Amino acid sequence: MEISLVSGNGITPIPNNQSPLTCSCFPFLPFPFSATAVRPFKNSKFTVFATTTVGLNETRNWQRNVPPKSSKIVSLRNKTRQSAILDIQESSDLDSALLRSGGKLKAQDLNVILRHFGKLNRWKELSQLFAWMQQNEKTNIASYSGYIKFTGKSLDPMKALDIYNSIKDELTRNNVSVCNSVLDCLVKNGKFERCLNMFHQMKQAGLKPDIVTYSTLLVGCAKVKDGYSKATELVRELKYHGLQMDSVIYGTLLSVCASNNQCQEAERYFMEMKSEGYSPNVFHYSSLINAYSVDGNYTKADELIQEMKSGGLVLNKVILTTLLKVYVRGGLFEKSRELINKLDKLGYAEDEMPYCILMDGLVKAGKVTEAKTLFDEMKNKNVKTDGYAYSIMISGFCRGGLLQDAKQLASSYEAKYDRYDIVILNTMLCAYCRAGEMDNVMKMLKKVDESAISPDWNTFHILIRYFCKEKLYILAYHTLDDMHKKGHQPEEELCSSLIHYLGKTGAHAEAFSVYNILKYSKRTMCNALHEKILHILVAGRLLKDAYIIIKDNAGSISQSATKKFAVSFMKSGNINLVNDVIKAIHSSGYKIDQKLFHMAISRYVEDSEKKDLLLQLLKWMPGQGYSVDSSTRNLILKKSHLYGCQIVAELLSKQQVVSITKSRRTRTK
DNA sequence: ATAGGGTTAG
């Protein structure tokens with residue numbers, strides 16, 4: 001990671017807690033104090049406030065810097081505290097050191113140790129110390145904000161939230177630095193939604209956000225989709241609260257624009273910033289150049305480079321690397337090549353990044369051979385690699401259908417490096433899957449299992465595709481189910497083809513399960529899929545599920561599919577649902593024919609216990625314009641002694657009226 | 001006396 005030392009910003013802010021002019025005799029005194037002003041302090045702590053014109057802040061500084069007691073005692077006490085701090089910091093047994101030396105220390109001393117552990121990533125001791133501080137009531141605001149900050153760094157945002165939520169004191173809870181620590185911790189751990197919710201809660205509880213708060217939140221916007229509109233909202237809010245945009249806020253905003261493809265907005269902020277008197281620095285330029293890289297707008301990028309030069313800014317490694325990205329995206333491969341040579345001369349091509357940018361561009365433009373040449377050149381120069389270059393080339397080969405080359409490069413990576421992250425693993429998995437190397441696929445999966453790497457969306461997709469290709473549909477189904485349980489939303493196309501294959505091979509219930517996974521993952525689903533799953537369910541005799549499909553998706557299922565379902569249901573569906581099914585298909589717009597009524601009624605007639613259902617059906621029919629035909633009628637009449645002759649006769653006569661009016665209507669037409 | 005700050009690669 002390159003850290004830029006170039007500061008192009010012409011503005012050097014003066015820290016506002018420090019006066020630029022100090023008394024030369026007593027450097028610890030702020031300027032407006034003279035020797036006479038010190039005197040009243042000696043006798044009375046308070047008159048000094050009344051007898052001088054000094055502001056409160058300066059008085060505080062002054063008070064802090066004047067030793068209240070003889071300097072000998074103070075230095076002795078400092079020594080005692082200093083050695084207690086060191087004792088605890090360096091002890092191998094923290095608990096006993098705290099027991100021994102902790103009592104001599106105040107909250108601010110313990111905070112020193114807290115920060116010491118935090119800087120060294122000693123998380124266990126950090127929380128041990130903090131727990132001790134809480135038990136012994138030696139915490140202040142700085143302890144909380146510091147501890148929460150470090151908890152976020154140790155990648156334990158939930159713990160940070162627990163700590164924050166456990167704070168009882170309202171002043172501490174609403175303190176802006178404590179809140180900023182919590183928010184930063186959530187942003188850094190990729191929990192931006194949660195962070196925004198927290199922010200709103202905090203404001204309602206009484207937090208007064210400052211520029212740091214907004215700056216923290218804006219950083220989160222760069223990492224999420226739709227981050228741009230959230231950023232706009234935040235900017236509006238901070239302006240509304242009378243806070244001032246500063247150079248860094250502009251820098252963050254430019255990066256948000258760049259990562260959200262908002263090139264024009266980036267330009268607008270850049271201009272606005274200039275018009276407010278801030279001179280753009282290397283960060284601002286790199287973000288704007290990065291925004292131009294999306295469209296490969298090299299003309300504008302070159303203009304910016306000229307502007308930087310004439311402004312006296314140094315073109316550092318990041319700027320030139322970003323410029324390379326613009327050239328590559330713009331398809332200027334010759335110019336890109338020259339720029340890499342320039343980077344190399346400047347010593348900026350010691351790691352693989354610039355090569356990766358160009359190789360990636362070449363591969364995506366279908367120039368795999370050129371990319372491979374560059375890859376070999378890079379290796380000959382002994383450029384450091386973390387696997388990025390390999391994954392670009394391996395996936396490039398895969399994309400170009402050069403599966404043997406992909407497989408070979410993958411195994412040569414395995415042989416040389418034994419380091420894996422999720423991207424290189426996915427790439428290799430993809431290569432082995434495409435080449436049909438089952439053994440190697442399994443080997444890679446074992447590596448995932450053994451390591452701390454958790455499979456991501458891509459891993460699952462690669463595997464499911466592969467299992468489908470190998471006709472291992474049940475395995476594909478279990479993988480998809482696993483993917484869903486781990487919170488990843490599978491692609492519709494993949495689900496739909498898996499549903500198809502599962503249906504074809506008789507795994508009807510599994511097909512239905514995939515359908516439900518897709519349905520409940522909030523994606524919009526292609527309408528044809530409802531009918532497809534209906535056919536599968538009918539084929540698998542899962543008629544009750546099929547009934548739900550019909551009921552929920554009335555509009556998108558064809559007449560012929562409905563008919564097929566209805567016939568099956570009448571034949572062998574749950575008899576208690578027959579009437580419900582009839583009503584459902586009727587209200588979906590399907591015209592029920594005599595054959596269907598006949599089937600339904602035959603089933604009722606066979607089972608004398610279903611008398612009520614039959615009567616309900618007969619009662620319902622005339623209202624919808626249906627009547628039974630003569631053969632069905634005879635079927636009922638044969639058993640009418642079971643139902644009560646009177647009722648049956650009445651119902652059938654009502655139906656007759658319907659059928660007469662209907663035939664009249666037909667005749668007049 | 002505590003909080004934050006941006007740019008490049010798969």
Side-chain angles (χ1 to χ4, degrees), chain A residues 1-4 6 9 17 60-61 64 106-108 111-112 114-115 139-150 152 172 175-185 187-188 207 209-222 245-259 266 269 273 280-291 293 316-326 328 343 348-349 351-361 363-364 385-396 421-428 430 458:
Chain A
M1 183 61 68
E2 168 80 358
I3 294 163
S4 169
V6 183
N9 189 346
N17 61 345
R60 280 208 195 110
N61 285 340
R64 228 189 0 247
K106 295 178 182 169
Q108 66 256 38
N111 290 345
V112 172
L114 211 58
R115 287 193 293 272
T139 54
N140 59 20
I141 284 176
S143 324
Y144 278 100
S145 66
Y147 183 61
I148 291 169
K149 180 178 90 173
F150 288 124
T172 312
N175 176 278
V176 69
S177 4
V178 173
C179 290
N180 288 345
S181 285
V182 174
L183 296 173
D184 181 53
C185 165
V187 165
K188 290 228 165 74
L207 163 73
D210 65 2
I211 197 72
V212 178
T213 319
Y214 286 103
S215 148
T216 307
L217 295 172
L218 281 170
V219 172
C221 295
M245 298 282 284
D246 66 14
S247 168
V248 179
I249 286 272
Y250 275 117
T252 315
L253 269 173
L254 287 170
S255 81
V256 171
C257 292
S259 56
Y269 279 121
M273 178 183 85
N281 63 22
V282 77
F283 291 111
H284 302 116
Y285 279 109
S286 66
S287 284
L288 189 53
I289 292 173
N290 192 30
S293 78
N316 67 5
K317 184 171 161 180
V318 178
I319 287 286
L320 292 176
T321 312
T322 313
L323 182 64
L324 177 68
K325 195 173 144 187
V326 181
V328 169
L343 280 159
Y348 294 163
D351 65 40
E352 60 185 335
M353 197 178 316
Y355 297 96
C356 286
I357 293 171
L358 182 49
M359 282 186 322
D360 186 52
V363 155
K364 282 181 180 150
T385 170
D386 285 327
Y388 288 96
Y390 278 88
S391 52
I392 291 168
M393 279 318 302
I394 295 169
S395 61
D421 67 6
I422 190 63
V423 179
I424 188 82
L425 265 168
N426 284 345
T427 312
M428 312 235 315
C430 186
N458 226 339

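The structure displayed is predicted, hence computed values, not measured ones.
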*Asks:* Contact class for A:Ser177 vs. all strands (heavy atom < 4.0 Å): base, sugar-phosphate, or nothing?
*Replies:* base

*Asks:* Tell me every residue that passes ring-ring contact (aromatic ring centres under 6.0 Å, His included) with A:Tyr390, counting only those two or more places apart in sequence or in another chain.
*Replies:* A:Phe375, A:Tyr413, A:Tyr417

*Asks:* Looking across every strand, which nucleic acid part, if any, lies under 4.0 Å from A:Ser287 by heavy atom: base, sugar-phosphate, or nothing?
*Replies:* sugar-phosphate

*Asks:* Touch check for A:Asn426, heavy atoms < 4.0 angstrom, all strands: base, sugar-phosphate only, or nothing?
*Replies:* nothing

*Asks:* Across the strands shown, which category fits A:Asp210 at heavy-atom distances under 4.0 angstrom: base, sugar-phosphate, nothing?
*Replies:* base

*Asks:* Taking CG from A:Asn175 and P from B:dA3, how many angstroms apart are they, rounded to a whole number?
*Replies:* 10 Å

*Asks:* A:Ile141 side chain: which of B:dT2, B:dT8, B:dG5 is closest?
*Replies:* B:dT2

*Asks:* Give a yes/no on whether any side-chain N or O of A:Lys188 is located under 4.0 angstrom from OP1 or OP2 of B:dG5.
*Replies:* yes

*Asks:* Considering only heavy atoms from C-beta outward, does the side chain of A:Asn111 approach that of A:Leu114 to under 4.5 Å?
*Replies:* yes

*Asks:* Judged by atom type as modelled, is there a donor-acceptor pair below 3.5 Å linking the side chain of A:Asp360 to the main-chain atoms of A:Cys356?
*Replies:* no

*Asks:* Just to verify, what does A:Tyr269 make a ring-ring contact (aromatic ring centres under 6.0 Å, His included) with, not counting sequence neighbours?
*Replies:* none

*Asks:* Check whether the aromatic ring of A:Tyr388 stacks on the base of B:dG10, taking stacking as ring centres less than 5.5 Å apart and planes within 30° of each other.
*Replies:* no

*Asks:* Just N and O in the side chain of A:Lys317: are any of them under 4.0 Å from OP1 or OP2 of B:dT8?
*Replies:* no

*Asks:* Phosphate oxygens OP1/OP2 of B:dT8: is one of them under 4.0 Å from a side-chain N or O of A:Asn290?
*Replies:* yes

